[in-house]
Structure formats: C-alpha cells, structure tokens
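Per chain, numbering begins at 1; letters A, B, ... match sequence-line order. Every heavy atom of this structure was used, including side-chain atoms; hydrogens, water molecules and symmetry mates were not.
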There are 2 protein chains.
Amino acid sequence: MTQFPEVMMALDLGPLDSHVGYLLRRAQLAVFADILPSLAEHDVSPADYAVLTVIDRNPGAGQSQVAETLGIQKTNFVPLIRRMEARGLVLRTPSARDRRSVALTLTPQGNALLADLHAAAQAHIERVRSHLGSAEYDSLLEPLQRLASVSRPS
Amino acid sequence: MTQFPEVMMALDLGPLDSHVGYLLRRAQLAVFADILPSLAEHDVSPADYAVLTVIDRNPGAGQSQVAETLGIQKTNFVPLIRRMEARGLVLRTPSARDRRSVALTLTPQGNALLADLHAAAQAHIERVRSHLGSAEYDSLLEPLQRLASVSRPS
DNA sequence: TATTGTTATACTCTATAACTATA
DNA sequence: TATAGTTATAGAGTATAACAATA
C-alpha cells in the first residue's frame, strides 16, 4: 500500500507533460539555469554571449544585421551594444561604404572574455550532455535546429 | 508552421548553431509563436492555459501548489488567478481543513474554454509534428522531459 | 516556527511609435 | 521610398521584501 508522502505530492500536469511547447519552455529554463551563474561571474547575459559570438564570427557586420540574426529587435539592441562598447569589449566604427551603418568588431578584451565564455559554455554543455547521455543529447540537436530555424525574422 | 522568407544573408552563428541552450530558446520562441494567436483569440496566455489545465486535472488544489507545479512564484500567481476568477473561469473557495489555503476549481465556463484551448493546442501540436516528421517529433519529447524535470521545484 | 496568500515594488525583456541621416 | 541607427516609452514577465492569518 502506498503511504502519504511527507513532501508535497506533485500535481498532475495532464496533457502538458507531453506538450512540446511546455516542455521546451521548462527545458530552456532548466538549461539556462545551469549556465547562468558562469556567465554572471563575467557580468554577461545569454544574449550578451550570443552577440559576442556572432560579432567574433562576422567581424565588421552591422548592428541591425547582428541583431536580426539573433532575433533581437534593433531598437533593443542599442543599449545592449552600447554597454559592451562602454565596457571596452566591442568597437563600433562607422562604415565607410554606407555611412548609416556601424561596423562591429571585438576588442582584444572582448576576444579574451569570449574565450573564457566559450570555455564556460563548453563545460556547461558537457554537464547537459552527461545528464542526458551522449546519444540522447546528440539526437536532440537536429530537431531543435529545425524548430529554431522557423523563428528567423523576415 | 509557416516558414518566413529569408531576405537578408544570414550571419554565421559559430558554436551557437549547436548550442543546446540557444537552440532551446529559439525553438521555444518559434513553437510559442505558432500557438500564441490561437490562445490570444480567447484572451489567454500560455501560462493561463497551463494553469487551467492543471486545475482541471487537480480540482481542489491550493494556489501555491498549482503555482509551484508550473514554476510560477506564488506572488506572481495572485494577479493571474484573480483575473481568471474575475472572468468567471475559476472558483476560489476557502479550504475547510486548512483555512489559510484557497481551493481552485474550474467553473463550467472555465471547463468549456479549456476544451476549446485543448482543441487549439492539439491542432498546434499537429502542425509542429508534421513540420518535424512524426519520428523526429516523438524522439524529441523524452529528452525534453528529462531536461524539463530538472527545473521542477524540490 | 513554518506556510498560505497577499501587497508593493523593482528589474529585465520585449514591443511600438517616431525621429535623423543616409541610401 | 527604404534602411541603419536612435530615443522614448509601454507592457509583459519575473524577482525580493514584508506582512496577516493560520498551521
């Protein structure tokens, strides 16, 4: 016979426990919770990390291009990138061939910080990978890429 | 799920294109974007839908119990549940055996609305499923459940 | 002492409108 | 006309502190 548990009994989620949207949301929060402290040590948000990564891989790209790639509105991108410039992580240089746009590049400090962030991210990914098991982890990436590619801005 | 045309040349995402956290985030936004309009027609948020579902499956559960199950802080749960009560979707009855707590149940209107929401959710899930293919979709749920269960409150 | 529900509040994220200077 | 960047602002969503009533 089952006895009443001392801790609170979890409630029934019903159809939510196999709802892809609900599961994606909770899984994303759990995964972010794992890497958040490592990023916070460097005073960096997940969005900051993504921006630094994209600038590193696309030096000279314009603000709106970087913002749109990451699904960040250009209007919300301004304070984010300005803060990084103020921290000496990013260089904003007026483009010569299109004087409306600002070309983004990493400073040496930005590059050094990004190296630390990549290391932290790799350790984080290994934790997630070993939590799931390599096979299950690997099988996860492709479908997520297919879903993620839908949300690309027009 | 409708695919948006790509106007601009996409920048290189570097390691982000296989970063589980980044992919989970973008995938979650894409999937939510698909169901959001259907829910909005009923003036319901994803959180609202989840709350109604859990109350339906656990009639008489207390506020904090429902909130904690869904990872919502009890303090943020108050305006949410009060709005549902005001809309006539939820009944908040003082518990007899613990006069601190408020037992939650659905009204007939809440039940009727939830039926519509479940239908919309089912149609949404079918869109996602056919976008990914059944096999890939099915292979996605278990790892997501494993990840999502990490964030369950202790 | 601990827990349930509550208020007030602040902070982050995200969204919209409107502007400028360039193209 | 359209685009890159900007400002101001409003709305969500989420977080903490503190409290009253009850256990």
Undergrad: Taking the side chain from B/Asp48 and the backbone from B/Ser45, do they hold a donor-acceptor pair closer than 3.5 Å?
TA: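 Judged by distance alone, yes, a pair lies under 3.5 Å.
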Undergrad: A/Leu80 has an atom CG; how far is it from atom P of C/dC13, in whole Å?
TA: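 The answer, rounded to whole Å, is 9 Å.
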Undergrad: Round to the nearest Å and state the distance from A/Gln65 atom CD to D/dG5 atom P.
TA: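 Atom CD in A/Gln65 sits about 9 Å away from atom P in D/dG5.
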Undergrad: If we count only N and O atoms by modelled type, under 3.5 Å, do the side chains of A/Gln63 and A/Arg92 hold a donor and an acceptor together?
TA: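 Side-chain D/A pair, A/Gln63 to A/Arg92: present.
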Undergrad: Centroid-to-centroid, B/His42 to B/Tyr49, below 6.0 Å?
TA: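 Judged by ring-centre distance (under 6.0 Å), B/His42 and B/Tyr49 do not meet the cut-off.
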Undergrad: How many Å lie between CG on A/Leu70 and C1' on C/dT14, as a whole number?
TA: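 After rounding, the gap between these two atoms is 15 Å.
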Undergrad: Applying a 4.0 Å non-hydrogen cut-off, can you work out what B/Ser95 is touching in the nucleic acid: base, sugar-phosphate, or nothing?
TA: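 Here B/Ser95 touches no strand at all.
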Undergrad: Applying a 4.0 Å non-hydrogen cut-off, can you work out what B/Arg83 is touching in the nucleic acid: base, sugar-phosphate, or nothing?
TA: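 Nothing, no nucleic acid heavy atom in range.
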Undergrad: Send over the distance from B/Arg97 CZ to C/dT3 C1', rounded to a whole Å.
TA: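 Taking CZ of B/Arg97 and C1' of C/dT3, I get 13 Å after rounding.
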Undergrad: Base, sugar-phosphate, or nothing: which does A/Gln73 touch, judged by heavy atoms less than 4.0 Å apart?
TA: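 Counting heavy atoms under 4.0 Å across all strands, the contact made by A/Gln73 includes a base.
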Undergrad: Between D/dT16, D/dT22, C/dA23, spot the one nearest the side chain of B/Arg99, thanks.
TA: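 My answer, after comparing the listed nucleotides, is D/dT22.
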Undergrad: Nearest of D/dA21, C/dT7, C/dT22 to any side-chain atom of B/Val78?
TA: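 In terms of side-chain proximity for B/Val78, the closest of D/dA21, C/dT7, C/dT22 is C/dT7.
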Undergrad: Would you please confirm or rule out a distance under 4.0 Å between OP1 or OP2 of C/dT6 and any side-chain N or O of B/Arg92?
TA: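 So the side chain of B/Arg92 is within the cut-off, an N or O lying under 4.0 Å from OP1 or OP2 of C/dT6.
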Undergrad: Under 6.0 Å from the CD atom of B/Glu142, do we count more than 12 heavy atoms belonging to anything else shown?
TA: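 Counting neighbours around CD of B/Glu142, 12 or fewer heavy atoms of other residues, nucleotides or ligands fall under 6.0 Å, so no.
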Undergrad: In whole angstroms, how far is the P atom of D/dA8 from the NZ atom of A/Lys74?
TA: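 In whole Å, D/dA8 P lies 17 Å from A/Lys74 NZ.
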Undergrad: Once you round it to whole Å, what is the distance between C1' of D/dG13 and CD of B/Gln28?
TA: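 The distance from CD of B/Gln28 to C1' of D/dG13 comes to 12 Å, rounded to the nearest Å.
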Undergrad: Mapping A/Asn76 and A/Val102 onto DNA chain D by nearest heavy atom, which one lands closer to the 5' end?
TA: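 Checking each residue's closest nucleotide, the 5'-ward one belongs to A/Val102.
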Undergrad: Measure CZ/B/Arg25 against C1'/D/dG13 and give the value in whole Å, please.
TA: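 These atoms are roughly 11 Å apart.
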Undergrad: Does B/Thr75 contact D/dA18 through a side-chain donor or acceptor facing the base, at a distance under 3.5 Å?
TA: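 Donor-acceptor pair under 3.5 Å: no.
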Undergrad: Would you check if the side chain of B/Ser95 reaches a backbone N or O of B/Val102 as a donor-acceptor pair within less than 3.5 Å?
TA: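 Flag not set: sc B/Ser95 to bb B/Val102 has no pair under 3.5 Å.
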Undergrad: Rounded to the nearest Å, what distance is computed from the CG atom of residue B/Asp98 to the P atom of nucleotide C/dG5?
TA: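 Going from B/Asp98 (CG) to C/dG5 (P), I get 8 Å.
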Undergrad: Do A/Ser101 and C/dT22 have a side chain to base donor-acceptor pair shorter than 3.5 Å?
TA: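 Answer no: no donor N or O sits under 3.5 Å from an acceptor.
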Undergrad: Among the nucleotides C/dT14, D/dT6, C/dG5, which one has an atom lying closest to any side-chain atom of A/Arg82?
TA: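 Of all the options, the side chain of A/Arg82 is nearest to D/dT6.
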